[in-house]
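Written below as C-alpha cells is the structure these notes are about.
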Amino acid sequence: MTKIPAATASRLPALSTTVTPADEGTVPAAHGVLLAHGATGSIEGNYAGLVPALAATGHTVVAPDYPGSGRTPRAEGPLELDALADALVAEAVAAGVETFTLIGFSLGTAVSVRAAARHPERVRGLVLTAGLAKPDHRTNIWLDLWLRLLDRGDYAGFAQARALSGLSPEALNSLPPAELAAVLDDSPDAPPAGSAEQTALVKEVDTTGDLAGITVPTLVVATTEDQLIHPSHSRYLAEHIPGAEYAEIATGHVPMVERPAEWEGMIVKFLGERGL
C-alpha cells in the first residue's frame, strides 16, 4: 500500500469534497470515479453535467475541489503536483472508495497521471481530456498572461484572456449577448480565489517520466479547436501511455461547455466498455 508522505500532504488545506452515490436501482460499477478539475476551474464548473451521468451508470463519484476552488480554502503557498495528487486519492479513500477511475480535465490530466503513478493499487482507469504532460511555449505564454492579469487585479482582462483561450472561435462568436456578458464578467469574485496558484502549477507540470509506467485502461480525448492546450499534447499522451485509446472532439478547451452531451457520452461509453 502506498503511504502518503505526511509532510507533503500537510502543505494543503483540507479539500472540500462532494460524494455522489450511484443512483438507486442501478447496477453498481466495478470501481468508483474520482474527478480532477482544471486550473481556474472547479468541480461545479467542469463536471456539473458529468456527475449525474456517472451516478446514473452505477458509479459513486468523489469530487474534490482544489485549494482556492469551490469551498476549499486557498493554499498558503505554491501548489505541488505530488501533494495535490495524494490529497485527491486520500479523499476517495476517506469516502470509502478504495479503487477508482480518475477523470482529469486540463491540469487534472497531470494530477490524474501522477496519482496513477504514485498510487497504482488504487487507480483502475484514466480519462484525460484537453490534457498535457508538459506545457509548451504557446501554453506558457497564455499562462504568464493569466498570472500577470491576476497579479494586477485586471479581472476584465483576465476574463477576456480566458474567453479567448478557453472557447473555440466558433463557440465564442456564436454566444448571445447575455451569455457573452457572463463569460466576460469582470467581478473580482468571478475567478476562483486560488486561480493564481493553480495556474502557476500548470507551468511546473511535467509527467513525461510517468507515462510509460501507466498500465491501466486509458482514454485520451483531444479538443481539436483548443486555443490554450494544442491537441498535439493529447496525441503525445496517447502515444506514450501504453495501450491508450485516442478520441477527438471538435471543441475548444472546454468541451463540457461547447458539446457536453457528446463529451459525457464518450466517457460513459469508455467506462462501460472497459468494465470500469
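In this structure, CG on Asp226 lies 9.0 Å from CZ on Arg138, to the nearest 0.5 angstrom. Interatomic distance, NE2 of His119 versus OG1 of Thr99, reported as 14.5 Å (0.5 Å rounding). Note that the CG atom of Leu132 and the CG atom of Leu237 stand 7.0 Å from one another [nearest 0.5 Å]. Asp136 CG to His233 NE2: the interatomic distance, rounded to the nearest 0.5 Å, is 3.5 Å. To the nearest 0.5 angstrom, Leu88 atom CG is 7.0 Å from Thr17 atom OG1. Rounded to the nearest 0.5 angstrom, Tyr246 OH and Thr218 OG1 are separated by 15.0 Å.
Between Trp142 and Pro135, the closest side-chain pair of non-hydrogen atoms is not below 4.5 Å. By the 4.5 Å heavy-atom criterion applied to side chains, Leu149 and Leu145 are counted as neighbours. Using a 4.5 Å heavy-atom cutoff, the side chains of Thr208 and His240 are not in contact. For the pair Thr109/Thr207, no side-chain contact is recorded, criterion being any heavy-atom separation below 4.5 Å from C-beta on. Side-chain contact between Leu35 and Phe105: absent, with no pair of heavy atoms (C-beta onward) separated by less than 4.5 Å. Using a 4.5 Å heavy-atom cutoff, the side chains of His31 and Leu271 are not in contact. Contact check for Ser112 versus Leu128: side-chain heavy atoms found under the 4.5 Å cut-off. Counting only heavy atoms from C-beta outward, the side chains of Arg274 and Glu245 approach each other to under 4.5 Å.
Remark: the backbone N or O of Leu228 is paired with a side-chain donor or acceptor of Thr139 at under 3.5 angstrom. Judged purely by atom type and a 3.5 angstrom limit, Ser69 uses its side chain to pair as donor or acceptor with the backbone of Gly41. Distance alone, capped at 3.5 Å, places no donor-acceptor pair between the Arg122 side chain and the Ala116 backbone. Formation of a donor-acceptor pair under 3.5 Å by the Gln198 side chain with backbone atoms of Pro67 is found in this model. A donor-acceptor pair under 3.5 Å is absent between the side-chain atoms of Glu197 and the main chain of Arg74, judged by distance alone. Distance alone, capped at 3.5 Å, is enough to place a donor-acceptor pair between the His230 side chain and the Ser232 backbone. Side chain of Arg124 to backbone of Ala30: no donor-acceptor contact under 3.5 angstrom is found. Under a 3.5 Å cut-off, the side chain of Thr40 and the backbone N or O of Gly38 do not form any donor-acceptor pair. Side-chain atoms of Arg114 never come within 3.5 Å of backbone atoms of Asp86 as a donor-acceptor pair (strictly under, hydrogens ignored).
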**Study point:** Criterion side-chain hydrogen bond (donor to acceptor under 3.5 Å, both in side chains) on Ser165 and His253, from CA distance to verdict
**Key:** CA-CA 7 Å; Ser165 58; His253 192 61; over 6 Å; no
Exercise for review: Take Leu164 and Gln227 through the side chain to side chain contact (heavy atoms under 4.5 Å, CB included) test and state the conclusion after the steps.
Suggested key: CA-CA 7 Å; Leu164 287 170; Gln227 308 298 299; over 6 Å; no
Point to revise | Residues Tyr155, Asp189; criterion side chain to side chain contact (heavy atoms under 4.5 Å, CB included); working and verdict | key: CA-CA 9 Å; Tyr155 297 106; Asp189 298 326; over 6 Å; no
Practice item. Determine, stepwise, if the pair Leu167 / Val254 fulfils side chain to side chain contact (heavy atoms under 4.5 Å, CB included). Key: CA-CA 7 Å; Leu167 293 169; Val254 284; 3.8 Å; yes
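The ring of His37 has its center no closer than 6.0 angstrom to the ring center of Tyr47.
Residues Pro242 and Leu211 come closest through the heavy atom pair CD-O, 3.4 Å.
Both Leu184 and Phe158 are members of a single hydrophobic cluster when ILVMFWY side chains are connected at heavy-atom separations under 4.5 Å. Using a 4.5 Å cut-off between side-chain heavy atoms of Ile, Leu, Val, Met, Phe, Trp and Tyr, with links allowed through other members, Val257 and Leu180 fall into the same hydrophobic cluster.
Comment: Arg235 does not engage Glu239 in a salt bridge, judged by the lack of any side-chain N to carboxylate O separation of less than 4.0 angstrom. By the 4.0 Å N-to-carboxylate-O rule, Asp65 lies too far from Arg71 to be salt-bridged with it.
If you check the side chains of Trp263 and Thr129, you find a donor sitting under 3.5 Å from an acceptor.
Only one option out of Leu34, Leu219, Leu54, Asn46 pairs with Ile103 in a side-chain contact (heavy atoms from CB on, under 4.5 Å); it is Leu54.
Crowding of Lys203 atom NZ: a count of heavy atoms from other residues, nucleotides or ligands under 6.0 Å exceeding 12. More than 12 heavy atoms of other residues, nucleotides or ligands shown are found within 6.0 angstrom of CD on Glu262.
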